[in-house]
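Chain letters run A, B, ... following the sequence lines, proteins first, then strands; residues in each count from 1. Side-chain atoms are counted along with the backbone in the values below, which use heavy atoms only and exclude waters and symmetry mates.
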Amino acid sequence: MAEQLLTDTTALRRSPLAHLAQQMHEQTVTGERGVALREIPFLTMVGIRVAPGTPAADAVAAAAGMPLPTGHGRVTGTAGATAILWIGPDEFLLVGPEGVGPAEIGPAGSDLRAAGSDDAGTAAGLARALGTEPGQAVDLSANRTTLELSGPSARAVLEKSCHLDLHPRAFAVGTAVATTLGPVQVLLWRTEELTWRIMPRASFAEYTARWLLDGMTEFASPEVP
Amino acid sequence: MLLIECPHCGPRDETEYQYGGEAHVAYPEDPSQLSDKEWAEYLFYRNNPKGLIAERWAHAVGCRRWFNVVRDTVTYEIKAVYRIGEPKPEIGGVK
Ligand SMILES: [Zn+2]
């Protein structure tokens, strides 16, 4: 007789780039021209829609424990813990550590606002904080995965296919924008001087990772004078 | 490649945007009262000036917001960018 022994379904999860983890690791370039690529899988992402300056925005900010970013490129919070990215004039994306995502949300159609109390920073917690104010907090953790590109040559790799000015004077640490990398729509987030997060939708993740690996290849060889 | 200034994000390449046709084409008050000819004119007939035209663009890969642009169809020069709901700026005597 079959028994239901599986209680922790996280063991069944496959991140969009799990199959490329080894290859990304092997193509790490060290030294002066170093650049490395890895996936940071399963980050919690919550899509937030509220109009700034309204009680709804105040409620969401209070529940998230940080103000909402006030304009294009801006980010509040910290990349290492929880941060909120500006996406549009009334649209934001909360990015937090793994594990406060879909499992907390309940089945489709269930009342998010009746969720437990230990859910600050989750879609359920934010939606509950919103109460009856107009707005939205939806778990989008499976929408995008996160690539981290780091090293002295990281910016040069990105500049091959990103049309924005990525020089620090135009794109400081703590800036995040929605744009394209090659043909792929991504969120591009500079988390440290030499470290970038690139967040493509899951179905574009393999293409994006291979695209970046291809761009990294030349840095494994000495510079052509 | 046009460099279009999104009112929310600043200048981005044309490839980040989606074109939405002529701006300020009002939806008919009561479509059921229109003749077929009037309905067809609402749906399909647009100005095609040699010169300035107001048109809609969406920042499709960025903030995903629609906005309006006044563009010169001869030189492709963008004369003005303004948000949805804002009045069309008067430029060079063109209404
Ligand atoms: Zn924009």
Side-chain angles (χ1 to χ4, degrees), chain A residues 45 47-53 68-75 84-93 136 138 140 143-144 158-167 169-172 175-190 198-201 203-204 207-208 211, chain B residues 1-27 29 46 52-91 95:
Chain A
M45 298 185 203
I48 299 167
R49 297 295 299 266
V50 288
L68 297 173
T70 51
H72 170 251
R74 304 223 176 129
V75 177
I84 302 180
L85 282 58
W86 186 93
I87 301 292
D90 59 0
E91 186 171 4
F92 310 89
L93 185 72
Q136 191 179 60
V138 183
L140 300 177
N143 182 28
R144 297 177 189 270
L158 290 172
E159 282 169 343
K160 293 182 183 193
S161 56
C162 180
H163 292 201
L164 296 180
D165 184 357
L166 302 182
H167 190 280
R169 71 175 161 251
F171 208 107
T175 301
V177 302
T179 186
T180 48
L181 190 70
V184 180
Q185 198 274 345
V186 298
L187 301 181
L188 181 64
W189 180 7
R190 186 174 210 161
I198 299 129
M199 297 148 78
R201 293 194 173 85
S203 55
F204 291 89
Y207 183 97
T208 307
W211 179 268
Chain B
M1 173 91 72
L2 296 179
L3 191 65
I4 301 174
E5 174 119 2
C6 169
H8 306 291
C9 306
R12 299 288 186 98
D13 283 350
E14 178 186 357
T15 48
E16 294 207 355
Y17 296 90
Q18 216 166 58
Y19 183 63
E22 187 178 0
H24 309 297
V25 179
Y27 190 77
E29 280 291 324
R46 294 294 181 263
L52 300 184
I53 185 168
E55 55 196 14
R56 300 174 302 177
W57 289 80
H59 191 192
V61 307
C63 63
R64 306 193 297 172
R65 293 309 183 282
W66 286 94
F67 58 96
N68 296 316
V69 167
V70 177
R71 184 175 60 89
D72 190 316
T73 59
V74 179
T75 62
Y76 277 68
E77 190 182 350
I78 290 171
K79 300 284 194 183
V81 169
Y82 53 107
R83 297 175 191 214
I84 295 291
E86 290 177 349
K88 180 161 68 170
E90 299 226 3
I91 299 157
K95 66 169 166 60

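Among T179(A), I87(A), T180(A), the residue making the largest number of heavy-atom pairs under 4.5 Å with chain B is T179(A). Top candidate by heavy-atom pairs under 4.5 Å with chain A, chosen from C63(B), G10(B), G62(B), C9(B), is C9(B).
Residue D90(A) touches chain B through both its backbone and its side chain, counting heavy-atom pairs closer than 4.5 Å. Heavy atoms closer than 4.5 Å to chain B are found nowhere in L187(A), neither backbone nor side chain.
Taking each heavy atom of R12(B) and V177(A) in turn, the nearest pair found is NH2-CB, 3.7 Å.
Counting heavy-atom neighbours within 6.0 Å of Y17(B) OH, excluding the residue itself, gives a total above 12.
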Next item on the list: Please lay out, stage by stage, how R64(B) and E91(A) fare under the test side-chain contact (heavy atoms from CB on, under 4.5 Å).
Entry: CA-CA 10 Å; R64(B) 306 193 297 172; E91(A) 186 171 4; 2.6 Å; yes

